Number of protein chains: 2
Amino acid sequence: MGRPTINDLAAEAGVSLATVDRVLNGRAGVREATVARVNEAIERIGYVRDPFAASLARRRDFRVLAFVPDGDGQFLGEVRAAVQKTAISLLSDRVVLDLELFRPDPHVFAARLGAIDPEDVDGVILMAPETPHLRDAVRHLRERGVATAAIISDLPNSRVDYFIGINNLNAGRTAASLLGRFLGPGPARIAVIADTLTARDSLDRRLGFDRVMAEDFPEIEVLPTVEGRGDPQGLEAALRNLLRSFPDLRGVYSMGGGNRLLLEFLARSGLTPRPRVVVHELTPTTRQGLQTGQIDAVITQDLGHILRSAIRRLRAGRDNRPILQEQERIRIEILVRDNLY
Amino acid sequence: MGRPTINDLAAEAGVSLATVDRVLNGRAGVREATVARVNEAIERIGYVRDPFAASLARRRDFRVLAFVPDGDGQFLGEVRAAVQKTAISLLSDRVVLDLELFRPDPHVFAARLGAIDPEDVDGVILMAPETPHLRDAVRHLRERGVATAAIISDLPNSRVDYFIGINNLNAGRTAASLLGRFLGPGPARIAVIADTLTARDSLDRRLGFDRVMAEDFPEIEVLPTVEGRGDPQGLEAALRNLLRSFPDLRGVYSMGGGNRLLLEFLARSGLTPRPRVVVHELTPTTRQGLQTGQIDAVITQDLGHILRSAIRRLRAGRDNRPILQEQERIRIEILVRDNLY
DNA sequence: ATGGACATGAGGTGCGCACCTCATGTATGC
DNA sequence: GCATACATGAGGTGCGCACCTCATGTCCAT
């Protein structure tokens, strides 16, 4: 009743099991013509490798290294925690997922990637900003047969094998859609807060946000972006300035970090009516903000899902298996107080 | 390097492989004291069955039957489609998922469940309203060793093994949270539409909805529920009546089916300003409603996720494995035009 | 012709487990 | 004390695959 096995495949291709094995596992010493015959037979009988049996026989786990920036933003903390949790849950799937932190120095990071031994590592997951060094390091990894997946932020110029994350343009659109509806008809002024607008993600979000605001909520005036740049005092001062110029502020869209400070500032400012607040990423701060009512909506992505998806793709690629597009789509999730999990 | 195997387990328990096998697979002919010894050894060395190897050796797929009502609501269509898609994607996981439709007659349905051969079927997934017949049939299934999972609607009195779906009280709360925010401050009248309020799901949603409205949006007046009862003309008439009495209607919460008719009605009525509309379940109609702007938000659940989760639980139960709570939580998803996938 | 490089086949082993048979041991009732 | 029922062990087989060794065959350059 079952699917075809390598035995069926060998028979169909008219070669021995050994040759099938050589072709399937990319070992050397097979004529091109023979490889082609096997591949045709694969197509013909619809052979797909049984990943269970394979990993059983391989007697070796699927090893993945996840690189996440070392740093103290809450979101980074969430990512690191998600990697660790996912690692545990994937152990029973014969996947060993290791977390590795890296410091910003691009040389050091690229060197670390270059030192990866393809014998030890099947795939690499990267949450990292794109730099020329990284681009070269990724290319080098590919050449040595280590698959790469970018998560959360794409690395569009690094020819990474996969990107797993949300579409940030649509995330920005979603934020605008919500904030616009929350504010209702009539003119209003809203602020946009970002860590920095140089990051690709923030640019995309801002772009999507502005488009929807312009198209659907023309009466809403979006003030120039307040950039935090990881400097609490600077952000505080900028916010204070903003509020002095626009005491009628009715909404805030926060695209990145700094939410803790933002919420504290808003609480202190005692603005009435309370401004509508839409932020990104579920963290302890934003979770609490939802619960206390300081935040109206959080736009987020399921980190566990992202990591599992990344690993499924790396594995599927290695086994030359197709993936289920549908299951791998990363949703832009909207959380309010009442659907918080 | 690896996890303990049955060999380690046998050694630890001081019994043979045969006995370990008998205990693990619940075969008869083992003294209680011996069973206990094996189970203690399992605890001690932390043995967990390797599900891959097991299903390989079992030479038999995990067979699941999914029962979905035969009927022509769009949501039912989505559920059936999701079952079929999931079935395909799970084939490579050695899971055979079959879809079976049933007609409303509780006798016939219960008889069908009673006729299930435990030799053929490992688990049953049910999307069905609870009836006394069903309750008995589920109990009977359990007794014969067939695990059962209710999806979407719980069967609280049927002692089903698992329920996989959203918390409808929170779903109702979420709807109210959104609709209340969309309407902004000030008094407003809103309508609630339901197929029927006798279904447990609708009751829960309504309850959650009312609570949040009362607590957070006291100025909003929730009109009595309009019940469709699967009768298009009746619904149409009721809506017309409602609008005659309350021409200042500003919001609509639709808890179940009938959205197609509702949207047509609202379009024809030309209400200004356009009422804010929050509905449940993503269907072709509600998807289009989001895109055209007739619907502000859809509250939904990922059917593929629900089905995969149900199967993971049935399998984990059979193999006596723990599940990852986190991964199995079914989210109450909020969709607006811009995060539609 | 001869050696060497390369392509292929034959066949075995074991991964962790389920499932089966048969033999042997032990307690129980009469 | 003997038949009987039951508990347990020993050992084998195969699932689909990866990985390994060794033998044999084919072709080419010299």
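Numbered from 1 within each chain, the chains take letters A, B, ... in sequence-line order. What you see is a predicted model; the values in this text were computed from it and never measured.
Residues B:D93 and B:F62 are not in side-chain contact: their nearest non-hydrogen atoms beyond the backbone lie 4.5 Å or more apart. Within the 4.5 Å cutoff, side-chain heavy atoms of A:Q301 are placed close to those of A:I306.
An angle of 30°, rounded to 10°, separates the two end axes of the helix from C:dA1-D:dT30 to C:dC30-D:dG1, each defined over five pairs.
Residues meeting the side-chain hydrogen bond (donor to acceptor under 3.5 Å, both in side chains) test with B:R27, sequence neighbours left out: B:D21.
Side-chain N or O atoms of B:H305 include none that pairs as donor or acceptor with a backbone N or O of B:E328 at under 3.5 Å. At least one donor-acceptor pair closer than 3.5 Å links the side chain of B:E130 to the backbone N or O of B:S158.
No more than 12 heavy atoms of other residues, nucleotides or ligands lie within 6.0 Å of CD in A:Q325, so this atom counts as exposed by the packing criterion. The number of heavy atoms from other shown groups lying within 6.0 Å of CD (B:E32) does not exceed 12.
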Checklist outcome for this item: Quick tally for nucleotides 12-28 of chain C: nucleotides whose base has a protein heavy atom under 4.0 Å get B, sugar-phosphate-only ones S, the rest -, giving --BBBBSB---------
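Between the side chains of B:T300 and B:E333, no donor-acceptor pair of N or O atoms lies under 3.5 Å.
Contact annotation: A:T19 does not reach the phosphate of C:dA7 (side-chain N/O to OP1 or OP2, under 4.0 Å).
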